[in-house]
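The structure appears below as structure tokens.
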Amino acid sequence: MEDRGRFLLSLVFISLGLSHSPQDIARNIEKRLSSLVSLQADFEQVYYPVSLSTPLREKGRLYFRKPDLMRWEYREPEQYVYLYKEGLLLHYAPEDNQLFRHALTPEEKSSQLFTILLGRARLEDGYLVERAEFPSGKTSLLQVKLTPKEEGEYAYILLGAEEKTWLISQLVLFDPAGNKQEFHFSQVKPNPRLTEKIFELEVPPDCEIIDDLPPQKKN
């Protein structure tokens with residue numbers, strides 16, 4: 001009878017995701033992301049600014065290919081693109097017919113969002129890793145809270161991943177000012193074949209180009 005009780009209790013712990021410590025979850029997420037060559041996913045981004053009562057919702061598709069190609073293609077409610085490529089951040093807004101080009105600083109290249117998604121972050125080295133429970137809409141999600149050990153762009157970060165894949169399906173960022181930004185990922189495809197064309201921007205000849213680039217980059 002006592003053995004049966006232990007067995008039932010172990011099932012409860014497993015069903016609650018308690019069979020994994022927060023450190024286990026972080027290591028598995030890190031290992032999975034670092035193993036990827038490329039990734040494609042649909043995303044919903046929800047921004048909760050402290051100055052507004054209504055969150056801002058946007059949807060689109062994310063592509064990345066290592067070592068340093070990433071495209072955020074926003075489709076709803078407005079269409080625009082953020083493209084990270086070869087140390088440059090390009091922002092194309094078709095409605096305004098404008099292309100912004102910015103050379104990333106070393107600090108921007110080590111952005112927490114970039115380094116986590118590209119599998120470069122050493123989570124236990126850079127963050128205090130704790131168990132977390134936050135709304136996700138999925139009971140199967142394993143969740144952790146990451147608090148930076150050094151002051152940075154975010155006060156803390158929440159990660160949620162499915163145990164079957166260890167791919168991030170929810171990412172929540174809290175900045176020191178109290179603003180919150182959520183990313184919900186779906187239709188995730190690990191290691192798809194992504195062509196060079198995906199990481200190119202085609203703009204019309206009369207597109208206004210606004211540069212924040214060193215002279216050697218302006219061409």
Side-chain angles (χ1 to χ4, degrees), residues 23 26-27 29-41 43 45 47 49 58 60-74 80-93 98-130 144-159 161 167-168 170-183 185 190-191 194 196-201 203 207-219:
Q23 291 72 27
R27 287 179 203 130
I29 291 174
E30 180 184 320
K31 183 178 179 181
R32 180 63 167 133
L33 290 176
S34 65
S35 72
L36 294 175
V37 175
S38 61
L39 183 137
Q40 174 183 314
F43 69 87
Q45 180 179 345
Y47 182 54
E58 299 178 289
R61 180 164 292 173
L62 165 67
Y63 306 88
F64 77 67
R65 196 178 78 189
K66 292 180 179 177
D68 60 357
L69 296 173
M70 184 178 291
R71 179 184 179 114
W72 294 83
E73 192 173 283
Y74 288 79
Y80 59 95
V81 175
Y82 282 103
L83 178 64
Y84 170 59
K85 180 179 182 180
E86 297 173 352
L88 298 182
L89 182 63
L90 310 177
H91 174 209
Y92 174 51
Q98 290 181 329
L99 172 64
F100 297 85
R101 303 192 300 183
H102 170 66
L104 295 178
T105 65
E107 292 77 15
E108 289 170 330
K109 289 179 182 179
S110 60
S111 160
Q112 289 168 295
L113 178 60
F114 279 1
T115 55
I116 288 175
L117 289 178
L118 291 172
R120 295 175 183 164
R122 296 296 172 258
L123 299 180
E124 289 183 90
D125 292 343
Y127 301 89
L128 172 64
V129 181
E130 302 173 281
V144 291
K145 176 182 178 181
L146 306 178
T147 304
K149 293 180 179 179
E150 297 182 3
E151 186 176 335
E153 58 194 310
Y154 300 112
Y156 62 96
I157 299 168
L158 304 176
L159 295 181
L167 293 171
I168 296 173
Q170 188 173 10
L171 171 65
V172 188
L173 309 164
F174 293 81
D175 70 23
N179 302 298
K180 180 174 75 167
Q181 195 167 189
E182 293 185 1
F183 292 90
F185 300 102
N191 294 322
L194 301 179
E196 292 292 336
K197 189 173 182 180
I198 290 174
F199 301 102
E200 299 288 343
L201 274 180
V203 300
C207 179
E208 180 186 6
I209 297 177
I210 303 171
D211 276 337
D212 177 21
L213 301 177
Q216 64 270 25
K217 290 281 187 180
K218 293 182 180 181
N219 56 54

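All of these numbers come straight from a predicted model, not from anything done at the bench. Basis for what follows: all heavy atoms, side chains included, without hydrogens, waters or symmetry-related copies.
- A cation-pi geometry, defined here as NZ or CZ lying under 6.0 Å from the six-membered ring centre and within 45° of its normal, holds between K145 and Y156.
- Distance check: L194 CG to K66 NZ gives 13.0 Å after rounding to the nearest 0.5 Å.
- Closest of all the heavy-atom pairs between Q40 and Y63 is OE1-CE2, 3.5 Å.
- No side-chain heavy atom of L158 sits less than 4.5 Å from a side-chain heavy atom of Q170.
- Proximity of L90 to F100: side-chain heavy atoms (C-beta onward) are nowhere separated by under 4.5 Å.
- Contact of the I157 side chain with the Y127 side chain is registered, since non-hydrogen atoms from C-beta on lie closer than 4.5 Å.
- E108 and A103 make their closest contact through OE1-O, 4.0 Å (heavy atoms, listed as atom of the first residue, atom of the second, distance).
- Within the 3.5 Å criterion, the main-chain N or O of Q112 finds a donor-acceptor partner in the side chain of E153.
- Side-chain contact between L123 and I116: present, with at least one pair of heavy atoms (C-beta onward) separated by less than 4.5 Å.
- Separation of atoms CG (L171) and CZ (F43) is listed at 12.0 Å; rounding is to 0.5 Å.
- Nearest heavy-atom pair, R65 versus S38, reported as atom, atom and distance to 0.1 Å: CG-CB, 4.0 Å.
- Residues Y92 and E73 have side chains that never bring a donor and an acceptor to within less than 3.5 angstrom of each other.
- Residues P148 and A155 share a closest heavy-atom pair of CD-O, 3.2 Å.
- The two residues V81 and R71 come nearest to each other via the heavy atoms CG2-NH2, 3.8 Å.
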Carefully, step by step, assess H102 and D211 under the rule side chain to side chain contact (heavy atoms under 4.5 Å, CB included).
-> CA-CA 6 Å; H102 170 66; D211 276 337; over 6 Å; no

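- Rounding to the nearest 0.5 angstrom, the gap separating the CG atom in L159 from the CD1 atom in I168 is 4.5 Å.
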Output, in order, the C-alpha distance, side-chain angles, deciding distance and verdict of side chain to side chain contact (heavy atoms under 4.5 Å, CB included) for F174 and N179.
-> CA-CA 6 Å; F174 293 81; N179 302 298; over 6 Å; no

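- With respect to K85 and E196, no salt bridge is recorded, no charged nitrogen being found less than 4.0 Å from a carboxylate O.
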Verify ring-ring contact (aromatic ring centres under 6.0 Å, His included) between Y84 and F114, making sure each step is shown before the conclusion.
-> CA-CA 10 Å; Y84 170 59; F114 279 1; 4.7 Å; yes

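- With contacts defined as side-chain heavy-atom distances shorter than 4.5 Å, the pair R120/D68 qualifies.
- A parallel orientation is assigned to the rings of Y80 and Y74, their planes being inclined by less than 30° (bins at 30° and 60°).
- Using a 4.5 Å heavy-atom cutoff, the side chains of N191 and L39 are not in contact.
- Residues L36 and L167 are in side-chain contact: their nearest non-hydrogen atoms beyond the backbone lie under 4.5 Å apart.
- A distance of 7.0 Å separates CG in L88 from CG in L104, rounded to the nearest 0.5 Å.
- The two residues G119 and S34 come nearest to each other via the heavy atoms O-CB, 3.6 Å.
- With rounding to the nearest 0.5 Å, the separation of CD in E182 from CG in L173 is 9.5 Å.
- Ion pairing between R122 and E124 fails under the 4.0 Å rule for side-chain N and carboxylate O.
- Side chain to side chain, Q98 and H91 fail the donor-acceptor criterion of an N or O pair below 3.5 Å.
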Would you check, one step at a time, whether the test ring-ring contact (aromatic ring centres under 6.0 Å, His included) holds for F183 with W72?
-> CA-CA 12 Å; F183 292 90; W72 294 83; 5.3 Å; yes

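- The number of heavy-atom neighbours closer than 6.0 Å to CD of E151, taken from other residues, nucleotides and ligands shown, is 12 or below.
- If you take OG1 on T147 and CD on E150, they are separated by 13.5 Å, rounding to the nearest 0.5 Å.
- Inter-residue side-chain proximity for L33 and L118 is flagged as unmet; no heavy-atom pair is nearer than 4.5 Å.
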